[in-house]
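Below is one structure; the comments refer to it alone.
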Amino acid sequence: MRITLHNTLSNSREEFAPANPERVTMYVCGPTVHGPSHLGNARPAAVFDVLFRLLSRAYPNVAYARNITDIDDKIIAAAEKSGEETAAVAARWRGEYERDMRRLFVLPPTFAPAATECIGAMIKMISLLIKKENAYESGGNVLFSAASFPAYGALSNRRDGDAPAVARVEAGEYKRDPADFVLWKPSPPEAPGWESPWGRGRPGWHIECSAMAAQCLGETIDIHGGGQDLIFPHHENEIAQSCCASGKAVFAKYWMHNGHLALAGEKMSKSLGNTLTISGALAKHPGEAVRYALLATHYRHPLNWSESLLSEAKRALDSLYRAAAAVTPLSAKEDAPPSDALADALADDINTPAAFAALHSAAGDIQRGKAGEEEKRAFLSGANLMGFLSQNPDEWFKGGDAAADNSEIEELIERRRRARENRDFSAADDIRKQLAARGIVLEDSPEGTKWRSAS
RNA sequence: GGCGGGAUGGCAGAGUGGUUUAUGCGACGGCCUGCAAAGCCGUUCACGCCGGUUCAAUUCCGACUCCCGCCUCCA
């Protein structure tokens with residue numbers, strides 16, 4: 001399979017050629033767990049999950065790391081507020097994040113390193129950077145010297161003096177240059193900290209990704225992903241740290257960035273305080289519908305989030321599930337290949353909208369009776385490849401708990417069946433209306449009457 | 001100011017130098033149905049503005065207008 005990916009480094013599409021096809025490596029920046037995860041965290045998770053699934057199909061071994069930032073000023077602030085240990089706060093929200101991911105049918109990555117589990121590796125890397133004179137100690141802080149890395153700014157296409165006068169970052173008393181950034185900072189006694197050659201402190205944000213990527217995947221990796229807002233400074237800084245520490249020219253060969261979610265045309269962001277949580281969306285919509293909505297637009301484009309987007313996603317999935325129901329006796333063979341149309345779409349820089357189109361057009365063929373066994377299997381395996389149609393259709397249409405007691409509904413349906421048998425259509429229609437009022441839609445067919453949830 | 005991304009039919013959203021102008025949702029008409037629902041068939045078919053290149057541009061090039069993101073913690 002020929003996979004093409006848009007590389008932020010070259011700002012163009014490139015054919016994907018892993019350094020070692022026997023072990024493809026991918027690193028994606030995960031969440032900072034200081035509260036409920038928002039939909040902005042869900043988009044990269046869903047997008048790179050599709051890429052992970054695609055790569056896993058194309059290569060024998062894909063090592064995928066998605067980190068958890070579990071030490072950070074926001075977590076410390078949240079802990080102070082609730083009177084808990086920072087570790088307890090982080091553990092709780094990490095658990096919630098992982099639960100959200102499961103409900104979105106996002107596969108667990110190969111590695112999910114937490115920053116606090118890799119402090120040793122970070123300290124080692126920082127020491128090395130000091131030794132190589134890419135970093136310096138100043139007032140209890142350790143800072144990376146941006147000027148010591150000539151390629152600094154290559155990813156974001158940014159040079160010195162590009163910052164607007166108003167937003168210029170101040171050079172702190174301890175900062176030699178405004179572009180320098182913190183690798184290690186001191187912790188006051190009441191804040192969490194770790195012993196280090198520079199005293200008790202904690203890591204800066206950027207260093208964790210460099211250290212964890214090296215630890216889990218190696219000094220040079222194939223793909224590095226994350227949200228667009230991380231290009232600068234986060235990823236720029238990662239490149240500087242990693243390349244200087246390893247002495248290699250390349251940290252990640254392909255840099256991929258997903259676009260933002262917008263709410264009413266405005267960027268959804270923590271600083272604007274207009275974020276929507278994943279669990280909030282999941283409370284109102286099935287996980288697969290949320291996932292579909294996240295993938296309905298090409299990953300590099302902005303995604304306007306709205307309730308109508310969710311309900312359209314739900315209906316689109318209804319039609320896919322109907323086609324799935326039509327082929328249900330058929331089991332999705334694990335080894336059945338997806339259609340060329342779908343595989344080509346995904347291989348073309350993860351073109352999920354085009355892949356959905358292929359899925360829908362296959363669903364249409366199935367409904368029209370034009371699909372052969374092979375096409376039916378391809379339909380199911382294509383949907384699976386994208387992380388959809390994981391439930392059985394009946395479960396999907398009935399919505400809610402499989403455990404719910406539906407005997408009352410079944411009984412009403414039976415009463416309606418008898419009424420229809422006696423051609424007492426007004427009694428039959430009354431029952432249908434009664435069920436409709438409860439959000440239940442009936443579908444009569446030669447095989448009997450089926451019901452589904454209306455929403 | 002620097003860097004980057006956009007402008008497609010009622011809405012969402014791919015894509016392409018020209019032959020059948022995705023796909024989904026919605027709307028309308030028909031078939032089916034006791035009536036519905038679902039399904040099927042059909043209708044509704046667009047590429048911001050102005051120039052240029054070309055036999056031919058929504059697609060390439062240039063200018064313009066407008067929108068958005070990054071440059072500060074952020075996916």
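Values below: all heavy atoms of this structure, side chains included; hydrogens, waters and symmetry mates excluded. In what follows, chains are A, B, ... by sequence order, proteins preceding strands, each numbered from 1.
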Quick one: is [X] getting a side-chain N or O under 4.0 Å of the [N] phosphate, OP1 or OP2?
X	N	answer
A/Asn351	B/G15	yes
A/Ser156	B/C3	no
A/His257	B/C70	no

What distance, rounded to whole Å, do you find between the two [atom1] atoms, one in [N] and one in [M]?
N	M	atom1	answer
B/C71	B/C50	C1'	33 Å
B/A36	B/A27	P	16 Å
B/G9	B/C25	C1'	13 Å
B/G17	B/U59	P	11 Å
B/U8	B/C45	C1'	11 Å
B/U65	B/G26	C1'	31 Å

Query raised in the report: Nearest nucleotide by nearest heavy atom, which residue falls closer to the 5' end of RNA chain B, A/Gly259 or A/Arg423?
Result: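 The residue mapped nearer the 5' terminus is A/Arg423.
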Query raised in the report: Between A/Cys29 and A/His6, which is nearer to the 5' end of RNA chain B once each is assigned its nearest nucleotide?
Result: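 With A/His6 and A/Cys29 compared, the 5'-side residue is A/His6.
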Answer with yes or no whether [X] presents, from its side chain, a donor or acceptor under 3.5 Å of a partner atom in the base of [N].
X	N	value
A/Arg322	B/A38	no
A/Arg420	B/G34	yes
A/Asn157	B/C71	no

Separation of atom [atom1] in [X] from atom [atom2] in [N], rounded to whole Å:
X	N	atom1	atom2	value
A/Asp344	B/U16	CG	C1'	16 Å
A/Asp348	B/U16	CG	P	8 Å
A/Trp305	B/A12	CH2	C1'	13 Å
A/Asp430	B/G34	CG	P	19 Å
A/His260	B/C67	NE2	C1'	17 Å
A/Leu435	B/C35	CG	P	20 Å
A/Asp229	B/C3	CG	C1'	15 Å
A/Arg432	B/G34	CZ	C1'	10 Å

Query raised in the report: Quick one: is the NZ or CZ of A/Arg158 closer than 6.0 Å to the six-membered ring centre of A/Phe232, and within 45° of its axis?
Result: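 Judged by the rule, A/Arg158 and A/Phe232 form a cation-pi pair.
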Query - Lys/Arg cation over aromatic A/Tyr27: A/Arg66, 6.0 Å, 45° cone - result: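 Geometry flag: not set, cation outside 6.0 Å or 45°.
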Across the strands shown, which category fits [X] at heavy-atom distances under 4.0 angstrom: base, sugar-phosphate, nothing?
X	value
A/Asp444	base
A/Gly40	base
A/His234	nothing
A/Arg66	nothing
A/Asp429	base
A/Phe425	base
A/Leu359	nothing
A/His298	sugar-phosphate
A/Leu442	base

Query raised in the report: For A/Lys450, does the NZ atom sit with more than 12 other heavy atoms under 6.0 Å from it, leaving out its own atoms?
Result: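 Result for NZ/A/Lys450: open.
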**Report entry** Over 12 non-hydrogen atoms of neighbours within 6.0 angstrom of CZ in A/Arg415
**Finding:**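 Not more than 12 within 6.0 Å, no.
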Aromatic ring proximity [X]/[Y], centre distance under 6.0 Å:
X	Y	result
A/His257	A/His6	no
A/His34	A/Trp93	no
A/Phe16	A/Tyr254	yes

From the options [options], select the nucleotide whose nearest atom is closest to the side chain of [X].
X	options	answer
A/Asn41	B/A37, B/G6, B/A75	B/A75
A/Lys74	B/C73, B/A36, B/A14	B/C73
A/Arg452	B/A37, B/G2, B/A14	B/A37
A/Thr32	B/C35, B/A75, B/A38	B/A75

Within a strict 4.5 Å, meaning less than it, do heavy atoms of the [X] and [Y] side chains meet?
X	Y	value
A/Leu183	A/Leu143	no
A/Glu84	A/Arg92	yes
A/Ile71	A/Pro192	yes

Report task. Describe, in one word, how the ring planes of A/Tyr321 and A/Phe397 are oriented to each other, choosing from parallel (under 30°), tilted (30 to 60°) and perpendicular (over 60°). Result ->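 It falls in the perpendicular class, over 60°.
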Report task. Anything under 30° is parallel, anything over 60° is perpendicular, the rest tilted; go ahead and classify A/Trp255 against A/His224. Result ->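 The arrangement is parallel - the two ring planes meet at less than 30°.
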For nucleotides 40-45 of chain B, give me every protein contact, N/O to N/O, under 3.5 Å, one pair per line with atom names.
residue : atom : partner  : partner atom : Å
B/C41   : OP1  : A/Arg368 : NE           : 2.8

Query - Trace of the side chain to side chain donor-acceptor pair (under 3.5 Å) decision for A/Asn258 with A/Gln228 - result: CA-CA 6 Å; A/Asn258 63 273; A/Gln228 248 164 20; over 6 Å; no
If you restrict it to nitrogen or oxygen atoms, what contacts under 3.5 Å exist between nucleotides 22-28 of chain B and the protein, and what is each distance?
residue : atom : partner  : partner atom : Å
B/G24   : N2   : A/Glu312 : OE1          : 3.1

Query raised in the report: Is there a Watson-Crick or G-U wobble partner for B/U19 with both distances under 3.5 Å, and if so, which one is it?
Result: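 Partner of B/U19: none found under 3.5 Å.
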